[in-house]
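See below for the structure under consideration.
Because the structure is predicted, anything quoted here is derived from the model rather than measured.
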Amino acid sequence: PRPLSPHLQIYHWSVTMVTSITHRITGVALYVGIVFIAWWLVAASMGPEAYGPFLAVAGNPIGQIVLFGFTWAAAYHLVNGIRHLTWDLGYGFLPRTAMWTGVVVVALSIIRAVGIFVWAYMVRMGGPHP
């Protein structure tokens, strides 16, 4: 009989596979999210009347979730891109190393995104400025 293709009931997801798929998804999310960033820049350049609607959207909880998602996608894509560059140099191909670096990429991207949001809220509340 012919061999069966793997399907979801027998196929085991690996960290490397998930990080690869996530890298592609975050790339698309960044491409789409640039519209939001462009809106911010154009509104900021046009004055308070144009900036007010942007602040209303960006300041509500859904806008904050979208901004956090964009921030995390940028952090993930950057850190995982560095991982891909090390692969291009020929390092990190052992399965254990690839799995470990995938976990590190996810952890660092979350830490980076949370750190950026904490810093932004501290600045907003009058805390330390860079």
[X] and [Y]: which non-hydrogen atoms are nearest, and at how many Å?
X: F117; Y: T71; value: CE1-OG1, 3.6 Å
X: A98; Y: W87; value: CB-CZ2, 4.3 Å
X: W72; Y: T22; value: CH2-CG2, 3.7 Å
X: A75; Y: A113; value: CB-N, 4.5 Å

Under 3.5 Å: donor-acceptor pair, side chain of S109, backbone of V105: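 Pair found, side chain donor or acceptor close to backbone of V105.
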Is the shortest heavy-atom distance from the side chain of [X] to the side chain of [Y] under 4.5 Å?
X: Y91; Y: T101; answer: no
X: N80; Y: R83; answer: yes
X: M122; Y: W119; answer: no
X: V28; Y: I25; answer: no
X: V42; Y: F54; answer: no

Heavy atoms of other groups near M46 CE, more than 12 under 6.0 Å: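 No - once you tally the heavy atoms of other residues, nucleotides and ligands closer than 6.0 Å, there are 12 at most.
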Exceeds 12 heavy-atom contacts within 6.0 angstrom, atom CG of L89: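 Yes, because the 6.0 Å sphere around CG of L89 holds more than 12 heavy atoms from other groups.
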Joint hydrophobic cluster, [X] plus [Y], side-chain heavy atoms closer than 4.5 Å:
X: V114; Y: L78; result: no
X: Y121; Y: I116; result: no
X: V15; Y: V79; result: no
X: V32; Y: F36; result: no
X: F68; Y: L30; result: yes

For the [atom1] atom of [X] and the [atom2] atom of [Y], what is their distance to the nearest 0.5 Å?
X: F93; Y: T86; atom1: CZ; atom2: OG1; value: 8.0 Å
X: L67; Y: W40; atom1: CG; atom2: CH2; value: 9.5 Å
X: T26; Y: F70; atom1: OG1; atom2: CZ; value: 11.0 Å

Residues which pass ring pair (Phe, Tyr, Trp, His ring centres under 6.0 Å) with H77, listed by chain and number, not counting sequence neighbours: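 Applying ring pair (Phe, Tyr, Trp, His ring centres under 6.0 Å) to H77 gives H23.
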Residues that L55 engages under side-chain contact (heavy atoms from CB on, under 4.5 Å), provided they are two or more places apart: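 L55 satisfies side-chain contact (heavy atoms from CB on, under 4.5 Å) with Y51 once adjacent residues are dropped.
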